Participant: 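Below are the structure tokens for one structure; questions will follow.
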Number of protein chains: 2
Amino acid sequence: MDDTPRRKAATLQTLADALGVHRSTVARALNPEERHRITPELVQRVMEEAERQGYRRDIIAASLRTGKSRLVGVVLPDLANPVFSTILDGVSVTLTGHSYSMLVAGSGGPSDKQSEIVDTLVGRRVDGLILATAMRDDPTVSCCMRLKVPTVLVNRAEDKMRVPSVVPADHIGMGLAVDYLAGLGHRRISHIGGPEEVSTGCLRRQGFQDAMTAAGLDGSRIISAKSYDREAGAAAARQIFARWPDTTAIAAGNDLLALGALDYMRAAGIDCPKQVSLTGFNDMPFIDLVDPALSTVRVPQFDMGKAAAEMLLAAIADPDSAPQVQRHPVTLITRQSCARVGV
Amino acid sequence: MDDTPRRKAATLQTLADALGVHRSTVARALNPEERHRITPELVQRVMEEAERQGYRRDIIAASLRTGKSRLVGVVLPDLANPVFSTILDGVSVTLTGHSYSMLVAGSGGPSDKQSEIVDTLVGRRVDGLILATAMRDDPTVSCCMRLKVPTVLVNRAEDKMRVPSVVPADHIGMGLAVDYLAGLGHRRISHIGGPEEVSTGCLRRQGFQDAMTAAGLDGSRIISAKSYDREAGAAAARQIFARWPDTTAIAAGNDLLALGALDYMRAAGIDCPKQVSLTGFNDMPFIDLVDPALSTVRVPQFDMGKAAAEMLLAAIADPDSAPQVQRHPVTLITRQSCARVGV
DNA sequence: GAAGATTGTGCGAACGATTGCACAAACATA
DNA sequence: TATGTTTGTGCAATCGTTCGCACAATCTTC
């Protein structure tokens, strides 16, 4: 004598039984696309009964039947990095707005593990993939293409644009930084580059070289870091000052590397910005609070996340459209880490 | 005449056909739990054929049949906040280690939207839920309990512990901060509290009051912020200096609020730490870099994320175990934002 | 050597939604 | 009135796995 009989969760069949119609009719009444084929009055009754029984469409069952899951996989190189969580935020907003859900995987590891991650995601029947981990020539991307799962790259792109990508204007951005430093009178500018295997590392380095050349300066003072983190930045800074002690400015490949350089300079007793000016790249959250506040190139991470999600949705809708790369504009943010040379 | 006949993706049936056995036999051979019932030699052949056909178990179909998805939903209040992405990182590590996947939803909005999020997640048949959004008495938690989906709370807990939770030692932590400030000679200490509706806000405020009382000081100088962000922190700081202009130290409810206070003090020409000392809570990433480097109470976010995931796994395995709350130890990190009073 | 226990496979019904096809009824046209 | 044409529903197969049950063959044990 339980007053809440705990009915076993409503299904199309239970609704159909209660209404004395066939379950397929119920399904159609509930589906906005099909609804017009059903008598409006019946639709009404179905809706009411669904409400009463607390019916919830079983996405799993629907997925099995249709092969579509309204699920997308997002692979990030590093969950702990605010740059990527901001991108994720943007992706999330767009996706939930289109009633998609987001399967998130932080790779954390090397690329062999990545294919595994993609495998898992694809095994879960994701409708598409957003990768923030791409290398300039990425086997994981090949894998996605082979599997024919719609994929878009964000932040980092491949050299040959095989899939849609949303990236910052890396080359231009680094040019902005160099021009700014040169404008402050700096002539001996060094660059801490990101990893060569990823587009951001490569493009920003090229941007550095080109802008230096254009300014009539020596663009060969470059140390490339193994990874985008503070330790690598510090190590690179050490090498820079060992090889080019007369360096008056450093343009770093991203904010984390700049932070590392700052660590090193602080330890080495080099004053920033008095003795050496420093720029970063990304304008990641809270970077404006460091001491000295870092001048950097702002990348619209949130917007890029949103754009990537939109692009993926488009790719899912039309899998055969030609891949395009969307380059988002960047802006120079000047703060306290740069000073006019020699004052 | 395609040399890659693009077979329609391998299933148990295609393997069974190729081997001349029944599909259930193949399933058992592939399942480590059942494998012992099958002739080893046949297991071998099945494995080889699976390899050859590139068989991948269809999790969707399996989920439909079993009602289990090896999927957990994670709901965060704010993707952009590094504190939560660090927790997420921890959750991710543990979960992927147990071959679970992670459905991430950033609520972003009010709690009515939250039930919707939980609905979506549950509709996707998640095996469990991790909520970092809980209020002290949370309707969403009620919803989860009604739905009988295993749930654990992280960072924030409910007052009555209806579900397992992993939280920092908020009360103790704030005591650490107060004792430290008192030890530096401060007597007129104010508190910027977090929102009263969440446990962190409430417990830290109580910790503040209790520690102040224990130190024989006036613990009533409290302004509670509406939300955990920089703007709210700045607004609260403004009020504090308006009402208690003789304040020499501020213990903030978290780092973001402390940052806001710093913003205000900077704008108001109040020197930190010379005139006013300041502590935060969380020790969020990069907070050590602000100027002045913030003294704060370190919360092991990553570990808490891992612990929450482990707890959820346990709750999934044994849904009827009694809910426990796991309180993680916190430590005081002293940096440059505090000074001895009156020097 | 008969009765029972064990072992290895096969069988087929779920799980719940989707969808092409069929079919009756109502309606339009000639 | 006979012949189309809609329109609204029902029917049943399908997606790929899982798992209780059945059954034959082989192995014990007294």
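Note that the structure is predicted; figures quoted are calculated from it, not measured. Every chain is numbered from 1, with letters handed out A, B, ... down the list of sequences.
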Participant: Measure across A:A61 and B:L64 and return the closest heavy-atom pair with its distance rounded to 0.1 Å.
Facilitator: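 Minimum heavy-atom separation between A:A61 and B:L64: CB-CD1, 3.7 Å.
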Participant: At less than 3.5 Å, do the side-chain atoms of A:T11 and the base atoms of C:dC15 form a donor-acceptor pair?
Facilitator: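 No, no donor-acceptor pair under 3.5 Å.
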Participant: Can you check the A:L42 CG to D:dT9 P distance for me, whole Å?
Facilitator: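 Between P of D:dT9 and CG of A:L42: 5 Å.
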Participant: Report the distance from atom CD1 of A:I38 to atom C1' of C:dT19, rounded to the nearest whole Å.
Facilitator: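 It is 13 Å, rounded to the nearest whole Å.
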Participant: Would you kindly give the NE2-to-P distance between A:H22 and D:dG10, to the nearest whole Å?
Facilitator: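 About 7 Å, once rounded to whole Å.
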Participant: Might you work through the salt bridge (Lys or Arg N to Asp or Glu O under 4.0 Å) test for B:D119 and A:R56, ending with a clear yes or no?
Facilitator: CA-CA 9 Å; B:D119 258 17; A:R56 308 195 49 66; 3.5 Å; yes
Participant: 5'-most contact on DNA chain D: B:R28 or B:L12, nearest heavy atom basis?
Facilitator: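 The residue mapped nearer the 5' terminus is B:L12.
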Participant: Tell me what A:T39 touches on the nucleic acid: a base, only sugar-phosphate, or nothing, going by heavy atoms under 4.0 Å.
Facilitator: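 Sugar-phosphate, backbone atoms only, no base.
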Participant: Would you mind classifying the nucleic acid contact of B:S24 as base, sugar-phosphate or nothing, using non-hydrogen atoms under 4.0 angstrom?
Facilitator: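 It contacts base atoms.
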Participant: Do B:D58 and B:T11 touch side chain to side chain, with heavy atoms closer than 4.5 Å?
Facilitator: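 Sidechains of B:T11 and B:D58: no contact.
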Participant: Which one, C:dG12, D:dG16, C:dG16, comes nearest to the side chain of A:A61?
Facilitator: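 Nearest listed nucleotide: C:dG16.
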Participant: Under the side-chain hydrogen bond (donor to acceptor under 3.5 Å, both in side chains) test, which residues partner B:S142, sequence neighbours left out?
Facilitator: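 In terms of side-chain hydrogen bond (donor to acceptor under 3.5 Å, both in side chains), with neighbours along the sequence ignored, B:S142 is linked to B:R162.
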Participant: To the nearest Å, give me how far apart CZ (A:R35) and P (D:dT7) are.
Facilitator: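 It works out to 18 Å between those atoms.
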Participant: Taking atom CZ of A:R37 as the centre, report whether more than 12 heavy atoms of other residues, nucleotides or ligands fall under 6.0 Å from it.
Facilitator: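 For A:R37, atom CZ is not crowded (no more than 12 foreign heavy atoms under 6.0 Å).
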Participant: Send over the distance from B:I60 CD1 to C:dC15 P, rounded to a whole Å.
Facilitator: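 After rounding, the gap between these two atoms is 18 Å.
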Participant: Whole Å only: how far is the CG atom of A:L30 from the C1' atom of C:dG16?
Facilitator: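 Taking atom C1' of C:dG16 as the reference, CG of A:L30 is at 13 Å.
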Participant: Does B:R56 get its side chain close enough to the base of D:dG16, under 3.5 Å, for a donor-acceptor pair?
Facilitator: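 In this structure, the two groups form no donor-acceptor pair.
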Participant: If you assign A:I59 and A:R37 each to the DNA chain C nucleotide with the nearest heavy atom, which residue ends up on the more 5' nucleotide?
Facilitator: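 Result of the comparison: A:I59.
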Participant: Can you check the B:L15 CG to D:dT17 C1' distance for me, whole Å?
Facilitator: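 Checked: the CG to C1' distance equals 13 Å.
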Participant: Taking the side chain of B:T25 as heavy atoms from C-beta outward, which of C:dG10, D:dG16, C:dA17 is closest to it?
Facilitator: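 Output: C:dG10.
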Participant: Nearest whole angstrom, please: distance from the P of D:dC15 to the CZ of B:R57.
Facilitator: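 In whole Å, D:dC15 P lies 19 Å from B:R57 CZ.
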